[in-house]
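Let me begin by presenting the structure, written as structure tokens, before commenting on it.
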There are 2 protein chains.
Amino acid sequence: MSETKPKKVDILTVAKAARVSASTVSRYFNHPDLLKPATRKRIDSAVRRTGYIRNRAAQTIHGIRSGTIGVLIPTLDHAIFAEVVQAFSDTVAEKGFTILLASHGYDLQREYAILRKFLEHRVDGVVLTGLDHDDAVFQLLDQQEIPCVLMWNHAAGSRFPCIGADNEQAGRMIAEHVLSLGHRKIACMFPPTDGNDRALARRDIVLQTLKNAGVSVPDAWSLTTVYSISESKTDARKLFSGLNRPTALICGNDILATGALYGAKAAGLSVPDDISIVGIGDFKGSSDIEPALTTVRLPAKRIGHEAGKALVAAIIDQETWDQRSLHCEPTLMLRHSARAVSVG
Amino acid sequence: MSETKPKKVDILTVAKAARVSASTVSRYFNHPDLLKPATRKRIDSAVRRTGYIRNRAAQTIHGIRSGTIGVLIPTLDHAIFAEVVQAFSDTVAEKGFTILLASHGYDLQREYAILRKFLEHRVDGVVLTGLDHDDAVFQLLDQQEIPCVLMWNHAAGSRFPCIGADNEQAGRMIAEHVLSLGHRKIACMFPPTDGNDRALARRDIVLQTLKNAGVSVPDAWSLTTVYSISESKTDARKLFSGLNRPTALICGNDILATGALYGAKAAGLSVPDDISIVGIGDFKGSSDIEPALTTVRLPAKRIGHEAGKALVAAIIDQETWDQRSLHCEPTLMLRHSARAVSVG
DNA sequence: AATAGTTTTGCAAATGTTTTCATAACTCTC
DNA sequence: GAGAGTTATGAAAACATTTGCAAAACTATT
């Protein structure tokens, strides 16, 4: 690659064109206030003429920041992660950072390997998703002393600052709401929980809240369904076609709830007249679907934005940053997919 | 940052621990076949003991590949782009590449600035979205002689290899299908086309195909609607509540079509009995919504995968790569949201 | 043991930039 | 004009790795 370059434009090329030294050109970019205006003008012109493009790698070697941030998520294929990454990316891009993005597909071993690769690239900081990580990941972060923020969850006393919502609170809110509508024949639909502490926390607290209210969910009504409209439609349709039908279904996220709404329609049920369906997340479209979905909002955009701000602060204000976690409150969104249990 | 590092582990540290030179350690990583097995073993042990993490920046300075690929998309917030980026990322990650991801929000000037930043990072290759780019972008790519692939569209004779679907073909297919069902009172809903050549191509060919069949779309039935379920639901509901109602609605993508389905429900219409609704894209959920959406499938996963393969080939096999574009065929998906125009 | 051929390894220079320190250039005051 | 103080700039060393070439080490043959 380098031997086929017709002309090599480096800082020396610019320096020659401007009749200054390379160190002056470097100052032009990094400490322009140290230069005379006339010198600045000459260099500016030389940079344009030569088409020089700075080499971030050479800066990085000096321990200068690479200007990159490693973003590690389970998958981009779930809209909610795409949304939070977009907000995060917008926030850090505003401060001149570029993100390195990788996904581990809920495989925490893979997460460790990706983190090492990020460290090879000397990222200035890292954002991980959720609280649950291989201990080797935490060790590596400590060892390398790299700024890190955990995104999406909130939990007091976590090892690194976390920016997100309290999944237990969200789960409790939706379960309590369904109970407050009088439902006692309640089914649950949650995604697999391996490598997914968000889903696990929600499921456990939902079941606990129901149990504390004297409601036990039969095994046949406790579904594990992959994150897919198609799968949840199929599972919901099967559930609603049984002889013994619940009056309410709590879904672990709004994609599952969307599929369940479609499944109810396909089973010939009217929502919420025949079956109440609720979700968690308040994803795009949740308020527009017919009927509008009752759910708990997890503010993805805000989470991404705050995580971006926190990590930039950690990188830039290393000495003064106070490592504070931030809890983004979940909000109960009462809409039209759930109603009080019927007395008939 | 560097002055607070408690211990600096570089290649010299490893060399000392293994009692070899730094160049031998370098060979261990890059040309292990040149080393005696015993030497390899010693170095391997020293790498583990010291916790050394290679510095990609130092490699990059040598004109060695940075191991990064720049990915430039309009936004991650549209599920279809998230899907294609995930497939692309998986494909290149398999070959050891990490993606730098940035979004330009349909602002082609911003795209140029982002591309420059990618070049500062000395990415090994770049993937852009669509065919339409500021000419400065093309000039910069030519000048820097960096491998580039255009993703999402297919057009013969494009300046760089493109991997995607023919948007004109997709638009023609869906328009012809609606015509073949006998519809002549047809409305259209497309997103804004600034900086979005995909949407423009689809809209133009849809209108052209209708026109060739003697169907003219009244201005009041030619909607421009932002990419949002909420907006399209509102616009569709308004359209369907008018005194003069179309028998069919062609939407420029499946998100708009999804919102239109919700809008029809909200307007008290039955789909497809009262109004046929079709889309383009076959997004997630399009086959599961009730009624299942008739649309043209653009194979996002395949596009992302093939684009990743093509770019990796361009980077690795620079001399032999033949720069071929690839057309991923759109597929007409006949489902339940459209039917023949009623004779009553 | 001597010689020829092959393999392995180290030295030194290179890559592109940044920064420290010394010196040159400039400005102001007497 | 001379001297003191301030500003601007260049030379050289540094950062972490890679690689070409020479020399050391090893192996095989006579």
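Letters A, B, ... are given to chains in the order of the sequence lines, protein chains preceding strands, and every chain is numbered from 1.
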message: Just the rounded figure in Å: distance from C1' of dT18(C) to CG of Leu34(A).
response: 13 Å
field: More than 12 heavy atoms of other groups within 6.0 Å of Arg48(A) CZ
entry: no
field: Pair Asp90(A) + Lys301(A): basic N to acidic O under 4.0 Å
entry: no
message: Which label fits Tyr52(B) and Phe29(B): parallel for a plane angle under 30°, tilted from 30 to 60°, or perpendicular past 60°?
response: tilted
query: Across the strands shown, which category fits Val20(B) at heavy-atom distances under 4.0 angstrom: base, sugar-phosphate, nothing?
result: sugar-phosphate
- prompt: So His104(A) and Tyr106(A), would you call those rings parallel, tilted or perpendicular, with 30° and 60° as cut-offs?
  reply: perpendicular
field: Short side-chain donor-acceptor distance under 3.5 Å, Ser21(A) and Thr24(A)
entry: yes
task: Select one nucleotide: of dT18(C), dT15(C), dG10(D), the one nearest the side-chain heavy atoms of Ser21(A).
output: dG10(D)
message: How many whole angstroms separate atom CG of Asn55(A) from atom P of dT15(C)?
response: 13 Å
task: Taking only the side-chain nitrogens and oxygens of Thr24(B), find out if one of them lies under 4.0 Å from OP1 or OP2 of dG10(C).
output: yes
message: With nearest nucleotide decided by heavy atoms, which residue, Asp33(B) or Arg122(B), maps closer to the 5′ end of DNA chain C?
response: Asp33(B)
message: From CZ of Arg56(A) over to C1' of dG16(C), roughly how many Å is that when rounded to an integer?
response: 14 Å
- request: Establish, with yes or no, whether the OP1 or OP2 oxygen of dT18(C) is under 4.0 angstrom from a side-chain nitrogen or oxygen of Arg54(A).
  value: yes
message: Against Ile11(B), only a single residue in Val47(B), Asn55(B), Val25(B) fulfils side-chain contact (heavy atoms from CB on, under 4.5 Å); can you say which?
response: Val25(B)
field: OP1 or OP2 of dT9(C) under 4.0 Å from side-chain N/O of Thr39(B)
entry: yes
message: With a 4.0 Å cutoff (strictly under), does any side-chain N or O of Gln59(A) reach OP1 or OP2 of dT18(C)?
response: yes
- prompt: Whole Å only: how far is the OH atom of Tyr52(A) from the P atom of dG16(C)?
  reply: 10 Å
task: Give the nucleotide from the list dT17(D), dT19(D), dT17(C) with an atom nearest to the side chain of His31(B).
output: dT19(D)
task: Mind calculating the distance between CD1 (Ile11(A)) and C1' (dT15(C)) to the nearest angstrom?
output: 13 Å
- prompt: Atom CG of Leu35(A) and atom P of dT18(C): how far apart are they, to the nearest Å?
  reply: 13 Å
- prompt: Among dG16(C), dT17(D), dT18(C), which nucleotide sits nearest the side chain of Ile64(A)?
  reply: dT18(C)
message: Under 4.0 Å from OP1 or OP2 of dA25(C): is there any side-chain N or O of Lys36(A) that close?
response: no
message: When you measure only distances, ignoring hydrogens and angles, does the side chain of Ser23(B) come within 3.5 Å of the base of dC11(C) through a donor and an acceptor?
response: yes
- request: Indicate whether OP1 or OP2 belonging to dT9(D) is found under 4.0 Å from a side-chain N or O atom of Tyr28(A).
  value: no
message: In this structure, how many angstroms lie between the P atom of dA14(D) and the CD1 atom of Ile61(B), rounded?
response: 16 Å
query: Do Arg27(B) and dG10(C) share a donor-acceptor pair, side chain to base, under 3.5 Å?
result: yes
message: Using whole Å, what does the distance between atom P of nucleotide dG16(C) and atom NZ of Lys16(A) come to?
response: 12 Å
